[in-house]
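Values below: all heavy atoms of this structure, side chains included; hydrogens, waters and symmetry mates excluded. Atoms within a ligand are numbered from 1 in the order they appear, just like the ligands themselves. Numbers for residues simply follow the sequence, beginning at 1.
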Amino acid sequence: MKSISVLGLGYIGLPTASIFATKGYKVSGIDISPSVVDTINSGKIHIKEPDLDVLVRAAVQSGNLKASLQLTPSDVFIIAVPTPFDVQADGSRKPDLRFVENAARSIAPHIVAGNLVILESTSPVGTTEKVKQWIEEECLKLKRGQINGVLYAHCPERILPGQMLKELVSNDRIAGGLTPEASEISKKLYESFCTAQIFITDARTAEMAKLTENAFRDVNIAFANELSLICDRLKINVWELIRLANRHPRVKILQPGPGVGGHCIAVDPWFIVDAAPKEARLLRVAREVNDSKPHHVVAQVKQAALGIAQPVIACLGLAFKANVDDLRESPSVEITAELAQSGLKVLAVEPHVEKLPSLLEGKVELTDLASALKRAHVIVLLVDHQAFGSLTLTQLAGKKIIDTRGTIKS
Ligand code: SAJ
């Protein structure tokens, strides 16, 4: 297996394509966006992630990575496209597999016996089987007949934004084939750059494992977020409470926050709930707890602003988590937007971006920390960025403070 096509050059596809290229594979990175293709071919990147620019430049300069709008034949096809969900009229969420289906169907004209098709996108259980069906269906439509001997596997990524390059190499992985041969060959492929262990299983278990990891984290964050609501009611400092409870040798409570953001943890548990709605009760409630947290923060801010004539609110942080510039599905953006929507004057401080996301443009003023602290009556700490790490209560004397991350020191 010498040539690889990676379909989707986003947060997962781009580092994966680049690392394979630096290991000597001939890699075609396929994306539907002409500007993404041009950016990568010029050795630059369209997303921010520590050291990714260096890796992509090396991959492109080696001549082994070329981005393109058009798929061509190759030995391996890796699908790394988004898998969002659709909200239904009754509030339930249905996985939206359109991008995976389009990617799979686009492979059909090029597929030949002996090729390996890997689904890396986080997907509901059964999607790898669907990828096979879509490709086979498309081959029949194209009058290519039945192409036998194609291998299929699910090899989910599990890298943490902010530490992707390190985790790409050092995290254990799972290779779940539709056949044992597909698992074995996938394992060998990832061994070219992954220095950790690669465990073999079937495709359905691999799909469920990825969803389970993120659902586990979601439930644990929901526990911390629910505790923070209980502590607000009972007038207990939740940060001190968690610190003390975590001194128990078998207790490890996560940290409450303004809600759960990003493209993964707030999405993936819904794929399990959708597949087993009667059984997945805890997972659904955890999602609801985490999704409701931003509204609780908004209510706290409004309460703090009561009685202040023309209150100015400073929202510190817009990213979905600390020390990243990613504003996708960020509860901080949601909170800031809701506050501005309710007519309050809102300043936003986000040292990792130069311009506001469209949702906030014209409604919120982006400013620096010093100016926000000077002008605001209410300070809402939303993201525990390093840049806010030295804030103290003494420094903020006279202001109302909502610290959703518990990082402002006394
Ligand atoms: N958060 C809290 N409290 C905590 C930990 C996190 O409120 O104690 C919040 C964060 O602020 C953020 C959200 O949760 O809004 C998610 O952040 P995260 O750092 O927990 O996870 P992600 O979304 O950046 O990456 C996750 C990781 N999954 C797990 O840790 C199980 C990563 O390994 C996956 O590869 C990634 O999802 C993915 O792509 O699925």
Report summary line: Applied to residues 247-257, the side-chain hydrogen bond (donor to acceptor under 3.5 Å, both in side chains) test, sequence neighbours excluded, yields none
Query raised in the report: Centres of the Tyr25 and Phe193 rings: under 6.0 Å?
Result: no
Requested in this report: Go through the structure and list residues passing side-chain hydrogen bond (donor to acceptor under 3.5 Å, both in side chains) with Glu213, not counting sequence neighbours.
Outcome: Arg158
Report task. Only counting residues at least two apart or in another chain, list the ones meeting side chain to side chain contact (heavy atoms under 4.5 Å, CB included) with Ser292. Result -> none
Requested in this report: Give me the ring orientation class for Phe85 and Trp270: parallel if the planes are under 30° apart, tilted from 30 to 60°, perpendicular past 60°.
Outcome: perpendicular
Query - Lys/Arg-Asp/Glu bridge criterion (N-O < 4.0 Å) met for Asp86, Arg93 - result: no
Requested in this report: For ligand 1, list the protein residues that place a heavy atom within a distance below 4.0 Å of one of its atoms, sorted by chain and number.
Outcome: Glu157, Arg158, Ile159, Leu160, Pro161, Lys210, Glu213, Asn214, Arg217, Ile221, Leu254, Gln255, Gly259, Val260, Gly261, Cys264, Ile265, Phe320, Lys321, Arg405
